[in-house]
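See below for the structure under consideration.
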Amino acid sequence: MKQNAFKLFVLLLWPFMTVTAQNDVNMKFGKPTKEEMEMTVYEAQPDAEAVVLCRLTDVEYTIQSTSYLADYHEKCRIKVLKPGGARFAKVVVPYKKNMSVGNNIGGLKVTGFALPMPGGSSNSYFEDEAGSMTEGVFGTDNDESVEDIKATAFNMEGGKVVKTTLKKSDIVNKKIDDQNHLVEFTVPNVKEGTVIEYEYNIHSQVFWELRDWYAQCEIPVVYAKLDMNIPSYMIFNIEDHGIQRLTYTCTAGSMKFKLVSDPLANPMTVTTNHYVYLGQNLMGMPKDEFVWNAQDYWAGITAELKYYRLPGMSQMDYAKTWEQIDEMILTSDDLGAHLSDNSPLADELKQAKVTEIANLRERVAAVYKLVMSKVKWNGKYELSPAPTLETLNKGGGSNADINLLLIQSLHDAGLTAAPVMLRTRDLGQLPYNFPSIRKLSTFIVGVIVPTGGNMYLDASNKNGWLNMLPDVMLVERARLMQKGKSQWVNLQKVSKAEKITTIEAQLSADGTLSGKQTIRNEGGETKETDYTKKGQATDGQISICPFPDHMIVNPFTAETRKMPVEFPSLRSERIIINITLPEGYVVDGAPRNTTVTTADKGIEGRILTTASENRVQMSCQFSINNLSYSEKDYADLRQLYDMLSAYTSEQLIVKKK
């Protein structure tokens, strides 16, 4: 990206860092130390495949002729300790282009407000201690670019360090969609023992957003530093997060710039806020089956512009309250302006006499069934919907496209429906310390019931029904948006996956258990199959485990855990086995009756056995009523699953009288 920018001379006021470990970190790139080259294991985490030795991220602002530019300078050094660690030779850098501005939701996510347009109020006069200039504060170009990519692999060969550098031809640009792009490259000749170094620059015209920064990753990090020098008239909300926290300082700094049009003039000075965030000796936190987004727990920061104020000018607020975000979305051109439009299915709804269905639940179900018979989900979650007639004519679209059609159709059926804005679980949690429209990723449909007990729908759930949402949407904080009465709703309590299995079986004297198994899932779906198990029969005694094999398997095999446990959904599973014993046989010993539960009763298992003269009933009920547990509760969870797994694998003993 070639920019017409003012030449900047950045003067940083370095804070005194009381961190002795920094003296031991090799901050000079291009020449790994002997210790780094000879390193074979990271003592703090001996099983690590690789370790980040040093990562430096500098953020500087430059002043352009029409706006500002945020420059990110990234450097990283990684030591490969095991063959599997060679995968960290691949680097993927996301960036954005063609980010629209305007009053649709996509534009509002970019800007957070309606930007001043050229020729209007976009020219704002500001001056600082050393001078003044006229500046277009917010531009209409909102691109990012990734440039100046360099990468080298350092290997020991014959007692000497051999360098292999990345070729420009090995750098690949990929377009995900109109706005989202990737730069990918793989550092060559990486193997066990290699030291990897790479660096690149990101030039971002979206200066009012700081890119999310994570000091932590799936492998351990010895040292990571974020250094930001930001003009003091830009005040950011900054939220730091993670199980291991960063240390930081904020001091006064300055930067100087010259006008290209007057190179002989003295440099002008702008005061800055100089932030330094530091992470040291951070443990590796790999992706996990029971964590939706590991980055929620990595040490890092999320930031968004709070306000912009130039000397002598009134403050321009960027940060919004959730009430202001409600208003922005409810008046947006692509969603809010069309919520009350008639549905293109209005005539069909009328012909089907849907409005005459007295039961609200049945009426909602009828609308949902009609809409979903006309369109199919294309697999994409989006926030900004297309016009509903276009969606209908195409026969499908994103969940946002179809959900807007659902809202309009529900209104035409005499029901009150509204969008429920959220961030899907796989993308991470919404910030807690400040509202953020750019962190919202999609919306579902909320049907407001006057007597309480709202219903929720989403077009993306192929097997869905009322209050049956995809696991990825079961978030704790979703925003049901209605003019003047928006509210937060907890979608984790909306639905519960239920499964009931009933087995009617006969046990024969040779130890064979056979019969019929009926499985009933949520939504009323029923499936019947044959059921057979073989036990052992010797000397008038039969030993058999009637429960299905591996009914409850402990997924928590690791001795310890670094991150919380996040279950996919609330769940209730019950299995009932009615067994007719062979003639003349009885149960040996006392029946097993056991209840195992967590301290909060969020997870519970019950094993019950009852026996009569020639019949035995065994049942197991397992429930998950709480979706999240701290890593501190991991040992208790692991023990509970071990016990339930053991109990459902026990043998039933029957013998001749």
Side-chain angles (χ1 to χ4, degrees), residues 1 26-33 36-42 45 47-58 71-97 144-158 160-177 179-204 211-224 282 284-287 293-295 298 300 426:
M1 179 187 295
N26 176 18
M27 311 284 281
K28 183 178 179 181
F29 279 69
K31 191 175 181 180
T33 65
E36 289 171 334
M37 294 302 304
E38 295 178 351
M39 182 181 185
T40 59
V41 67
Y42 181 54
Q45 201 167 325
D47 59 343
E49 295 179 319
V51 57
V52 177
L53 299 174
C54 182
R55 181 189 171 194
L56 306 176
T57 305
D58 295 326
D71 286 322
Y72 299 80
H73 310 283
E74 183 76 33
K75 291 184 177 181
C76 188
R77 181 186 299 115
I78 299 172
K79 174 69 178 186
V80 178
L81 300 170
K82 291 180 170 54
R87 61 193 173 96
F88 294 100
K90 183 176 181 179
V91 181
V92 179
V93 185
Y95 67 100
K96 294 183 180 294
K97 293 179 71 70
E144 295 179 326
S145 67
V146 183
E147 300 177 0
D148 307 319
I149 298 171
K150 299 176 184 177
T152 305
F154 299 86
N155 289 290
M156 290 295 294
E157 296 181 7
K160 295 182 179 180
V161 177
V162 177
K163 297 193 297 183
T164 308
T165 57
L166 178 73
K167 298 178 181 178
K168 288 187 177 180
S169 58
D170 293 331
I171 300 171
V172 179
N173 279 274
K174 290 187 177 181
K175 178 180 178 181
I176 307 302
D177 54 41
Q179 290 189 351
N180 295 288
H181 297 250
L182 299 174
V183 167
E184 292 184 354
F185 59 90
T186 300
V187 185
N189 197 26
V190 172
K191 53 193 173 183
E192 183 178 0
T194 302
V195 171
I196 300 169
E197 287 190 357
Y198 62 83
E199 61 182 274
Y200 57 84
N201 294 328
I202 298 175
H203 304 299
S204 176
R211 296 168 66 95
D212 293 345
W213 186 81
Y214 298 96
Q216 211 157 11
C217 60
E218 59 181 295
I219 57 176
V221 177
V222 177
Y223 185 87
L282 303 173
M285 299 182 73
K287 296 177 182 178
N293 189 310
Q295 291 179 342
W298 291 356
D426 59 318

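Since this is a predicted model, take the numbers as computed values, not measurements.
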Measure the CH2-CZ distance between W213 and R55 for me, rounded to the nearest 0.5 Å. 5.5 Å
Shortest non-hydrogen separation from K191 to E157 and the atoms involved: NZ-OE2, 4.1 Å
Nearest atoms (heavy-atom pairs only) where A151 meets F185: CB-CE1, 4.0 Å
What are the two closest non-hydrogen atoms of P32 and V195, and how far apart are they? CG-CG1, 3.8 Å
Under a 4.5 Å cut-off applied to non-hydrogen side-chain atoms, are N26 and L53 in contact? no
Listed partners of K174 passing salt bridge (charged side-chain N to carboxylate O under 4.0 Å, His left out), at least two apart: E184
Assess whether a salt bridge exists between E74 and R211, defined as any Lys/Arg side-chain N lying under 4.0 Å from an Asp/Glu carboxylate O. no
With a 4.5 Å cut-off on side-chain heavy atoms, are N293 and D426 touching? no
Which heavy-atom pair separates V221 from Q216 by the least distance, and what is that distance? CG2-CA, 4.3 Å
Nearest-0.5 Å distance that lies between atom CD in E218 and atom CH2 in W298: 6.5 Å
Would you mind reporting whether I219 and V52 have side-chain heavy atoms less than 4.5 Å apart? yes
Which value, rounded to the nearest 0.5 Å, describes the distance between E144 atom CD and I202 atom CD1? 6.5 Å
Measuring only between side-chain heavy atoms, which start at C-beta, is E199 closer than 4.5 Å to D148? no
Any idea which heavy atoms bring E38 and K79 closest together, and the distance? N-NZ, 4.4 Å
Rounded to the nearest 0.5 Å, the NZ atom of K75 sits from the CE atom of M27 at a distance of 9.5 Å
About how many Å separate OG1 of T194 and CZ of F154, when rounded to the nearest 0.5 Å? 11.0 Å
May I ask you to test the F88-V187 pair for a side-chain heavy-atom distance under 4.5 Å? no
What pair of heavy atoms forms the shortest contact from T186 to L166, and how long is it? O-CD1, 3.5 Å
Please test E49 against L81 for side chain to side chain contact (heavy atoms under 4.5 Å, CB included), starting from the C-alpha separation and ending with a verdict. CA-CA 5 Å; E49 295 179 319; L81 300 170; over 6 Å; no
Report yes if the side chains of H181 and I176 come closer than 4.5 Å at any heavy-atom pair, otherwise no. no
Sequence neighbours excluded, the answer for side-chain hydrogen bond (donor to acceptor under 3.5 Å, both in side chains) partners of T152 is none
Audit row: N173, Y95, side chain to side chain contact (heavy atoms under 4.5 Å, CB included) steps and yes/no: CA-CA 10 Å; N173 279 274; Y95 67 100; 3.0 Å; yes
Whether over 12 other heavy atoms sit under 6.0 Å from K287 NZ: no
Do the non-hydrogen side-chain atoms of Q295 and D212 ever get within less than 4.5 Å of each other? no
Nearest 0.5 angstrom please: K163 NZ to N155 CG, how far? 12.5 Å
Does any non-hydrogen side-chain atom of C54 lie less than 4.5 Å from one of V222? no
